[in-house]
Amino acid sequence: MSKEYEYIVVTERDGLGFIELNRPKVLNAINRPMVSELVHAFEAFDRNDSVKVIVLSGKGRAFAAGADIDEMAEDGAIDLELLNQFTEWDRLAWIKKPIIGAVQGFALGGGFELALCCDLLFASEDASFGFPEVNLGVMPGAGGTQRLTKLIGKSRAMEWLLSGDMFTATQALEWGVINRSIPKELLIEETERFARKLATKPPLSLRLIKESVHKAVDSSIYEGMQYERKNFYLLFASEDQKEGMNAFVEKRKPDFKGK
Ligand code: DAK
């Protein structure tokens, strides 16, 4: 990848795009340039035909311990309004390819919000999740109250958000926040293995399934099913649909092209 990044490490191999948060000395605290770099890297992978699935992780002992508190400590409300960085952040929700988060150590505050932007979450057994913003006199502002509530329901979300407590991977698994809890030493290997499996699937199907599931979170069953149906029909316009079904009939492996 041609662009140089200062706060993240971006690599690509075998159909997978990897983005690693890279401020390990401050537990990958997310500063403003890191947000810009993240959005740039995700969008670049989204446009790159050779990348099928994106894997997001953090270097060192944390996924990310939140937004950079030093950077925002002296901010005023008007500074933040004028900075308008959430507009940039919100573009993460428009990434079309599947994103798998590999979480080790802390995923707190903005770090947890970033994890919640992923489509699937694999976490090491030592991972801890939480929204400590309440302890700083603020509250989540990058989707935490909305995404967590939609994911686990009001009562559980209230407990996490109001208490500011940290929760274990076991708890996160039980409540459906993460997909897998994995021994730390196997986290990247297992996440990659799953990402590779997804990378063999027809990219257009992955794309429209992701879009339809996101739609489900925000719409009535009726509206969501109309949306699903249109996407279902749309896939019958793809070469991969013909290839997938012909391969089944001819008892051979399909060769998907993403077209
Ligand atoms: N910001 C800045 N530095 C941080 C940090 C953070 N969020 N978290 C950790 N660090 C730094 C520590 O200051 C320390 O730096 P040095 O003292 O070594 O220079 C280093 O990382 C190691 O941390 P600790 O020494 O504290 O390590 P411990 O193992 O003892 O404790 C901890 C780990 C995670 C429990 C502790 O570091 C901690 O409580 N960290 C703060 C957690 C937190 O409150 N996070 C929520 C921040 S508010 C936005 C998007 C999102 C947000 C805002 C804007 N936009 C798109 C505009 C979200 C807001 C938040 O996340």
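Numbering of ligands and ligand atoms starts at 1, following listing order. Along the sequence shown, residues are numbered consecutively beginning with 1.
Remark: minimum distance from atom 21 (O) of ligand 1 to any protein heavy atom is reached at Val26 CA, 3.2 Å. The protein atom (non-hydrogen) at minimum distance from atom 48 (S) of ligand 1 is Met72 CE, 3.5 Å.
The residue Arg23 has no part lying near ligand 1, judged by heavy-atom distances below 4.0 Å.
Ligand 1 lies out of reach of Glu71, whose nearest heavy atom is not under 4.0 Å from it. Under a 4.0 angstrom heavy-atom cut-off, Arg61 registers as being in contact with ligand 1. Within the structure, the closest approach of Arg32 to ligand 1 does not fall below 4.0 Å when heavy atoms are considered.
Shown here, atom 34 (C) of ligand 1 is in close reach of the protein: a heavy atom of it lies under 4.0 Å off.
Taking distance alone, with nitrogen or oxygen atoms compared against 3.5 Å, Leu136 stays at or beyond that limit from ligand 1. Between Ile69 and ligand 1, an N or O atom pair is found at a separation short of 3.5 Å.
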Next on the checklist: Apply salt bridge (charged side-chain N to carboxylate O under 4.0 Å, His left out) to residues Lys150 and Asp218 and explain how you reach the verdict.
Outcome noted: CA-CA 9 Å; Lys150 298 225 179 210; Asp218 264 339; 3.1 Å; yes
Next on the checklist: For a salt bridge (charged side-chain N to carboxylate O under 4.0 Å, His left out) check, start with the C-alpha distance between Glu159 and Arg156, then their side-chain angles and the critical distance, and finish with the verdict.
Outcome noted: CA-CA 5 Å; Glu159 187 177 335; Arg156 289 167 168 173; over 6 Å; no
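Figure legend: cation-pi geometry between Arg91 and Phe42 absent, as NZ or CZ is not positioned both under 6.0 Å from the six-membered ring centre and within 45° of its axis.
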